[in-house]
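What follows is a set of notes on a single structure, which appears directly below.
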Amino acid sequence: QLMREISGVKVLEHQVKEKLQLDKVIVVPGNSDKERRVKQELGKACVSYLKDVIKDHMTIAVTGGSTMSLVAESMTPLNKKDCLFVPSRGGLGEQVENQANTICAQMAKRAQGEYRLLYVPDPISEKAYQSIIEEPAVKEISNEIQNADIVLHGIGDAITMANRRKTPKSQLEKIKEADGAGEAFGYYFDKSGNIVHKVRTVGLQMEDLQKINQVIAVAGGTSKADAIESYFKQGQSNVLITDEAAAEKLLKG
Ligand code: BG6
């Protein structure tokens with residue numbers, strides 16, 4: 001039974017890698033929509049992949065979300081010199097347990113690395129935003145983020161994420177009208193991968209991902225298959241860690 005499961009996921013890994021044109025795909029058995037244990041397995045797989053690629057003096061930028069919080073839970077000492085964890089972007093409207101800052105600090109502690117946080121009011125007016133990005137302390141950490149060596153991020157269903165973040169009604173309508181399917185880093189994508197909405201905040205911007213060698217997406221569950229597909233139409237991440245249920249639906253779609 002176990003052997004059959006293992007060879008099954010290997011086939012899925014290969015097919016998803018071909019379909020999305022990625023460098024690496026890891027598939028864990030099961031469906032994270034149904035079992036928290038499967039989401040924990042995603043977390044463990046992410047930590048073990050991270051350990052394969054991390055080197056001394058690297059900076060790791062992380063997003064928030066329940067999947068990333070399980071990555072943090074699975075983290076163990078990295079045994080590397082001067083590894084720095086930073087949140088990928090400023091506040092995106094998430095509750096504290098789902099915020100990148102919270103997860104970044106937890107992850108760094110477990111990894112025995114350093115961390116720096118990003119304090120940006122959320123939501124923020126245009127005027128305050130324009131002045132806050134000029135603050136030396138904010139500039140400094142933004143720089144660290146934009147020069148990260150590794151990015152770990154979640155992908156969400158667009159409407160689920162917009163609701164969870166208590167997005168203003170007008171913006172929610174805009175995302176719905178544009179057929180928003182996926183969300184990552186506060187960017188919302190339609191099925192073809194076009195950006196239909198973007199949360200204004202500091203930190204990683206979509207174009208920054210191009211120069212980062214390891215951009216690792218962690219997302220699973222049948223409910224996220226369309227979101228994953230829409231996100232990868234833009235094709236900025238090179239690694240996907242997902243589960244069997246999401247992979248199967250992704251290959252059918
Ligand atoms: C967020 C990331 O914090 O987590 C999003 O910034 C992502 O880009 C989301 O969509 C996914 O959340 P979850 O709880 O489904 O892992």
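Numbering of ligands and ligand atoms starts at 1, following listing order.
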Any carboxylate oxygen within less than 4.0 angstrom of a Lys/Arg side-chain nitrogen, looking at Glu73 and Arg36? yes
Run through ligand 1 for me and note each protein residue having a heavy atom under 4.0 Å from it, chain first, then residue number. Thr63, Gly64, Gly65, Ser66, Thr67, Leu92, Glu94, Gly154, Ile155, Gly156, Met161, Arg164, Arg165, Glu183, Ala184, Phe185, Lys224
Please, which pairs that meet side chain to side chain donor-acceptor pair (under 3.5 Å) have at least one residue in residues 146-159, sequence neighbours excluded? Gln146-Asp208, His153-Ser237, Asp157-Thr160
Considering non-hydrogen atoms only, spot the tightest contact between Pro77 and Lys51 and give its length. O-NZ, 3.4 Å
Are Leu22 and Leu251 linked, directly or through other ILVMFWY residues, by side chains that come within less than 4.5 angstrom of each other? yes
Can Arg200 be said to sit on top of Tyr129's aromatic six-ring, NZ or CZ under 6.0 Å from centre and within 45° of the ring axis? yes
Answer with yes or no whether the side chains of Gln130 and Glu126 bring together a donor and an acceptor at under 3.5 Å. yes
